[in-house]
Amino acid sequence: MPGATLSRWTMSYFAVACLMLLAGQGLMAAGYGYPAAAIGAPETLVLVHVLAIGWLSLLMAGALLQFVPVLIARPLVGGRFAAPALALVAGGLGLLVAGFVALSGLVDLPLLLLPAGGGLLLLGFGLVVAILAATLHAARPLPLPARFVALGLAALTATVLVGAAFTLALSGLVEAEPFARLVADGLGLHAALGLGGWLSITAVGVSYRLLAMFLLAPETERRTSHAAWWAMALAIGLIAACLPLVLLALSGAGLLFAAALFLSLVAALLYGGDVLHLYRARRRKQAELNIRATFPAFAALAICVLLVNIPAVREGDGIAALVYLFVFGWLTGLGLAQLYKIVAFLTWLEAYGPVLGRAPVPRVQDLVEEGRARILFLIYYGAVVAAALALLMGAAGAFRTIVCLQLLATLALMREFIRTRRLAIVPAALRAPDGAVRPHLFLPLSLSRR
């Protein structure tokens, strides 16, 4: 497979991301943040950013460091900066969370931690964007999946800049009227750029390649795929156009935002049709678990994008349940399902790549145990749906109990990832042929620097 070299730090990104997912779910199970606190409360902001930055963004960044070279069949440019970028993002998130805790009044800390964290995040994500943008630039003209990634990177840049502006206003460092208006009316735009733009559009682009690769389906650029890209690009453009309107207190932002949501619905329908086409055109008749486990994620995406276009849902109490389903059903469900295969695939390349053709080696699917993981995914998705319904009904106690079950399912899935990295499931006769490399858990020190 062209571009199938290993990114040195991808597993480290995945490891930190998984820890942040466990931390976020643990906070919810403990009753920290929404629904025990208001949606805009500092406690909820802690929770949201641990999940959005610590879990989802680091997961996506780590995946892109590995798969952007695969998308364009060219080596990664500037891969040596991946480790500093991870350190900056992790440090920035720590300072940002500390600033939100200070804002809540729980601990007496300086609010300047907020812009300090925002600055580190700007530097860290700036490095990530620079690495990936330089890699993409070297491969012009870009194939369609890579164009989705480029659009997602543009949305990431806008998201981080808006977030940095928020930290300046919340800390009191900048008291200008436009910044106050941005804090009051720009939260939805910030979330849309991050969750809908950076994370979702990038996930769509990468999934076009991964689904075709894992299903052994033809990689054709259909008209519907191009139309989906244009719909997403226009949606992001409209959301970005809302920002100056909010800053200048001009009318029209609501109309542009509604139009962007409608375009998102169009794009989701087109993407869904493409996914269905890939599945039907597959040459691998028995889809593996990582593919089957994405079906509930696609369903969650369709439900969320459809419902968010209904004004009564978007402006009512159900928005929290909808965001929960979007984050944990669509983004996290897709992430965990693909991690199940990606961890096995990268571990197989690292461990057995040096001896391919010289000794018997296991198959990639020999590194996982699908029967156990299938039950865990069923429990996870069931808990997500139940937790979203509990939020919709205002049942905070039931929500915490269900999140505990969701957390246990996530922990068990991560145990499966660790067993895969340890080669614990591989038949003993094939586990360690001469010349094979035993992978480190999350630091691939056995790899030469690329």
Side-chain angles (χ1 to χ4, degrees), residues 1-7 10 14 60 62-75 139 142-149 202-226 228-229 270-299 301 330 333-353 355-357 360-374 377 416-417 420 423 425-427 430:
M1 184 182 64
T5 56
L6 288 173
S7 166
T10 284
F14 288 170
M60 188 62 69
L64 291 178
L65 291 172
Q66 176 61 49
F67 286 106
V68 162
V70 175
L71 294 180
I72 60 176
R74 285 178 178 268
L142 295 176
L144 186 59
R147 289 175 58 195
F148 279 95
V149 172
T202 308
V204 166
V206 174
S207 70
Y208 272 118
R209 179 68 173 90
L210 290 184
L211 290 173
M213 182 172 69
F214 293 141
L215 285 170
L216 299 181
E219 294 183 49
T220 56
E221 295 188 1
R222 306 176 73 217
R223 290 181 179 178
T224 50
S225 308
H226 285 273
W229 186 90
L270 292 168
Y271 171 61
D274 288 338
V275 169
L276 187 60
H277 172 78
L278 283 171
Y279 185 75
R280 288 174 173 171
R282 73 192 187 280
R283 290 194 291 270
R284 174 170 282 158
K285 294 306 178 184
Q286 182 60 42
E288 295 178 315
L289 180 60
N290 67 297
I291 299 297
R292 301 196 304 275
T294 60
F295 294 159
F298 294 139
L301 172 64
W330 157 236
L334 180 70
L336 289 173
Q338 293 310 313
L339 265 183
Y340 184 74
K341 182 69 173 184
I342 291 170
V343 169
F345 181 65
L346 297 185
T347 301
W348 181 83
L349 279 178
E350 184 179 353
Y352 301 111
V355 297
L356 283 179
V361 298
R363 303 168 301 165
V364 175
Q365 52 265 47
D366 291 332
L367 275 66
V368 297
E369 189 176 342
E370 286 198 358
R372 187 201 306 259
R374 180 176 60 83
F377 276 113
E416 294 301 301
F417 301 159
T420 295
L423 307 177
I425 305 169
V426 179
L430 297 174

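Treat the numbers as computed from the prediction; the structure is a model and nothing was measured.
- With sequence neighbours excluded, the residues satisfying side chain to side chain contact (heavy atoms under 4.5 Å, CB included) with Leu356 are Trp348, Val361.
- Nearest heavy-atom pair, Val343 versus Phe417, reported as atom, atom and distance to 0.1 Å: CG1-O, 3.9 Å.
- Glu416 places no side-chain N or O within 3.5 Å of a backbone atom of Ala373 that could act as its donor or acceptor partner.
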Evaluate the criterion side chain to side chain contact (heavy atoms under 4.5 Å, CB included) for residue pair Leu210 and Ile342; output intermediate values, then yes/no. CA-CA 9 Å; Leu210 290 184; Ile342 291 170; 4.1 Å; yes

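- Scored by the salt bridge (charged side-chain N to carboxylate O under 4.0 Å, His left out) test, Glu369 finds Arg372, Arg419 as partners (sequence neighbours excluded).
- For Glu221 (side chain) and Leu144 (main-chain N/O), a donor-acceptor pair under 3.5 Å exists by modelled atom type.
- Contact of the Val364 side chain with the Phe214 side chain is not registered, since no non-hydrogen atoms from C-beta on lie closer than 4.5 Å.
- Once rounded to the nearest 0.5 Å, the distance linking CG of Asn290 with CG of Leu334 reads 10.0 Å.
- Taken from CD in Glu370 to CZ in Phe377, the straight-line distance is 10.0 Å, to the nearest 0.5 Å.
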Working note: Val426 + Tyr352, criterion side chain to side chain contact (heavy atoms under 4.5 Å, CB included); need CA distance, chi angles, decisive distance, verdict. CA-CA 12 Å; Val426 179; Tyr352 301 111; 3.9 Å; yes

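- In terms of the ring pair (Phe, Tyr, Trp, His ring centres under 6.0 Å) criterion, residue partners of Phe298 (sequence neighbours excluded) are, by chain and number, Tyr271.
- Without hydrogens or angle criteria, Thr10 side chain to Gly62 main chain gives a donor-acceptor distance under 3.5 Å.
- Taking the side chain to side chain contact (heavy atoms under 4.5 Å, CB included) definition, one finds that Arg283 meets it with Leu216, Pro218, sequence neighbours left out.
- Going from atom CG of Leu215 over to atom CD1 of Ile291 covers 4.0 Å, rounded to the nearest 0.5 Å.
- For Ala228, the side chain to side chain contact (heavy atoms under 4.5 Å, CB included) partners two or more places apart in sequence, or in a different chain, are Phe148, Tyr208, Leu270.
- Between the side chain of Thr420 and the backbone N or O of Val368 there is no donor-acceptor pair closer than 3.5 Å.
- Remark: side-chain polar atoms of Arg363 are not paired, donor with acceptor, to backbone N or O of Gln365 under 3.5 angstrom.
- The nearest pair of heavy atoms linking Gly333 to Ala297 is C-CB, 4.2 Å.
- Side chains of Arg292 and Gln286 form a contact here, defined as non-hydrogen atoms less than 4.5 Å apart.
- For the pair Arg282 and Tyr279, the distance from NZ or CZ to the six-membered ring centre is under 6.0 Å and the angle to the ring normal is within 45 degrees.
- Judged by distance alone, with hydrogens and angles left aside, the side-chain atoms of Trp229 form a donor-acceptor pair with the main-chain N or O of Arg147 at under 3.5 Å.
- In this structure a side-chain-to-backbone donor-acceptor pair under 3.5 Å is present from Ser207 to Ala203.
- A heavy-atom distance below 4.5 Å is found between the side chains of Leu423 and Leu367.
- Rounding to the nearest 0.5 Å gives a distance of 7.0 Å between CZ of Arg209 and CG of Leu71.
- For His277, the side chain to side chain donor-acceptor pair (under 3.5 Å) criterion is met by no residue, not counting sequence neighbours.
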Worked verdict on Met213 versus Phe67 for side chain to side chain contact (heavy atoms under 4.5 Å, CB included): CA-CA 12 Å; Met213 182 172 69; Phe67 286 106; 4.3 Å; yes

